[in-house]
Amino acid sequence: MPAITFIHPDGKSDCVETSVGESAMQAATRHGLDGILAECGGNAMCATCHVYVDESWLARLPAMADDEDALLDGTASERRPTSRLSCQIKITPELDGLVVKLPERQV
Amino acid sequence: MTASGTPAATGPASVPHLDVDPFDMNFFADPYPTHQRLREAGPVVYLDKWNVYGVARYAEVHAVLNDPATFCSSRGVGLSDFKKETPWRPPSLILEADPPAHTRTRAVLSKVLSPTVMKQVRDRFAAAAEERVDALLDKRSFDAITDLAEAYPLSIFPDALGLKAEGREHLIPYASVVFNAFGPPNELRQQAIARSAPHQAYVAEQCQRDNLAPGGFGACIHAQADEGAITATEAPLLVRSLLSAGLDTTVNGIGAAVYCLARFPEQWQRLRDDPTLARNAFEEAVRFESPVQTFFRTTTREVELSGATIGEGEKVLMFLAAANRDPRRWDQPDSYDITRRTSGHVGFGSGIHMCVGQLVARLEGEVMLTALARRIAKIEITGEPKRRFNNTLRGLDSLPVTITPA
Ligand code: HEM
Ligand code: FES
């Protein structure tokens with residue numbers, strides 16, 4: 001059961017147990033985490049599951065598809081080089097310990 | 001109405017048969033008991049009235065939506081099978097298409113209706129919502145469907161598309177034909193199609209490049225043809241998709257939200273106390289009322305779904321509205337709760353065909369409900385709400401209300 005840490009804009013953090021195969025967004029919503037809206041339910045269509053991935057983890061994530069890249073241009077909080085959509089981060093055992101920061105806002 | 005199916009190896013015999021007609025006026029008047037019966041009968045049912053399979057539980061609706069290779073859209077997302085019958089109009093290049101054709105047209109509309117574009121139109125949409133509330137505050141008593149749920153989208157969406165001022169009265173009737181036409185050959189469908197010629201002529205004309213104002217969604221679609229993303233003959237048909245699906249849906253979505261907030265004053269009070277809940281109040285209304293009630297798919301091969309074997313070329317009816325109130329998926333499914341975590345509802349569909357206009361719909365809903373919550377203290381229903389009947393859309397024809405200013 002890989003665990004992911006979500007750091008809120010105020011600095012508080014939540015460590016969330018995940019299951020392999022689900023997405024980081026699903027893990028967050030399953031735990032009732034505020035800060036991930038996921039309005040489209042994980043279909044890569046809304047950009048309301050935006051996260052900033054900790055630099056040290058960035059290279060270990062699967063590459064971004066074109067639709068994710070395009071959606072990130074429209075996030076409510078600024079896009080940074082570390083921006084990803086959490087619904088597109090599929091949990092694998094290698095991602096145990098992943099750290100992501102939540103943006104100020106999702107809409 | 002009881003399940004009469006005796007278990008057998010495969011095909012319709014292996015699933016419970018129900019003699020429900022989900023396109024009948026009595027059903028439309030109160031679909032909820034039947035939705036429950038459909039869910040409880042089994043994960044997959046067979047509806048003898050129209051010879052189709054049905055799924056009404058969340059898990060199966062979600063599964064069908066997310067397996068487009070098996071449950072295809074190119075044979076029509078209504079009852080009519082395009083392989084056996086000629087469609088009533090040239091098929092949609094997006095809604096009634098499968099990958100890879102769908103992938104290309106979908107990319108175009110996704111770009112035209114992207115979050116980036118929403119940021120550009122937001123202020124305009126919000127200002128129009130404020131103006132609408134000004135007008136409603138002058139009236140105090142009005143019809144929340146005509147004067148609010150219809151008037152607001154009509155004041156922004158045709159302009160956002162870049163449509164001419166003349167002829168816009170065809171838009172809602174055209175959409176009504178489109179959504180009736182997904183249904184079976186009942187009176188609603190037959191009459192709608194019989195009267196559709198003038199609306200079709202209007203729509204075909206407005207989809208042409210010369211009739212679309214620069215900078216609008218329509219012109220942006222045509223510009224994609226210059227980029228080589230689609231051909232010049234495909235562009236007008238993609239504009240048609242926005243004319244078909246972009247207006248009446250949000251009318252019914254906003255109508256649903258206002259109807260919910262007027263019926264459940266404690267939810268209205270929560271929204272008044274915290275108007276930032278407006279966006280979720282709208283989303284929850286889309287779950288709770290499901291303005292788009294159903295869509296069909298057609299099987300491309302024999303498939304096993306939750307223990308039922310469905311043959312090739314069968315129509316499968318997905319009850320989005322029933323899935324959105326499935327107690328297996330939702331706590332207190334029959335209560336409207338504006339703080340609910342709505343993520344995952346299928347009111348906008350799911351998977352590759354999930355509503356490409358969902359960001360437009362949410363933006364309209366959010367800014368309209370925000371404007372209402374900030375400036376109106378109370379909404380009271382003052383007369384009997386009247387239902388509007390359509391084979392696919394659920395909504396009201398009239399909702400008399402009186403408002404009290406904040
Ligand atoms: C509350 C409002 C709305 C609701 C409830 C709604 C619902 C839906 C649903 C359930 C689907 C899935 C169809 C399927 O799976 O076969 C869909 C698709 C679609 N919607 Fe919406 N819709 C709404 C607003 C809009 C708006 C505002 C637009 C345009 C600006 C739009 C354009 C479309 C289009 C073009 C498709 C086809 C997408 C595809 O096949 O890839 N809709 N909508
Ligand atoms: S949940 Fe909508 S883009 Fe990730």
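Proteins get letters first, then strands, A, B, ... in listed order; numbering begins at 1 in each. Just so we're clear, the structure is a prediction, and the values are computed from it rather than from any experiment. What you see below is based on every heavy atom in this structure, not just the backbone, and it leaves out hydrogens, waters and symmetry mates.
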Assert top hit (heavy-atom pairs under 4.5 Å, partner chain A, pool R341(B), H345(B), M118(B), K119(B)) equals R341(B)

Side chain from CB out, backbone as N, CA, C, O: work out which of these in R122(B) comes under 4.5 Å of a heavy atom of chain A, or both, or neither. neither

Can you check whether T70(B) reaches L305(B) side chain to side chain, under 4.5 Å on heavy atoms? no

Parallel, tilted or perpendicular for F319(B) and H35(B), by the 30°/60° rule? perpendicular

Which atoms of N43(A) approach chain B - backbone, side chain, both or neither, heavy atom under 4.5 Å: side chain

Between P291(B) and V286(B), is any pair of side-chain heavy atoms under 4.5 Å apart? yes

Between Y336(B) and F288(B), what is the ring plane arrangement, given parallel below 30°, perpendicular above 60°, and tilted in between? perpendicular

Cation-pi between R84(A) and W57(A): NZ/CZ under 6.0 Å from ring centre and within 45° of the ring axis? no

In terms of heavy-atom pairs under 4.5 Å with chain A, which of E283(B), Q358(B), E366(B), R362(B) leads? R362(B)

Contacting moiety of S110(B), where chain A heavy atoms sit under 4.5 Å: neither

Indicate yes or no: at least one non-hydrogen side-chain atom of D34(A) is less than 4.5 angstrom from one of L102(A). no

At a heavy-atom separation under 4.5 Å, does N280(B) approach chain A through its side chain, its backbone, both, or neither? neither

Cut-off 4.5 Å, heavy atoms of chain A, and the answer for I352(B) is backbone

Do you know which of S350(B), C355(B), G344(B) has the most heavy-atom pairs under 4.5 Å to chain A? S350(B)

Do the side chains of D54(A) and R60(A) get close enough for a salt bridge, i.e. N-O under 4.0 angstrom? no

Go through the atoms of A38(A) and report whether side chain, backbone, both or neither lie under 4.5 Å from a heavy atom of chain B. both

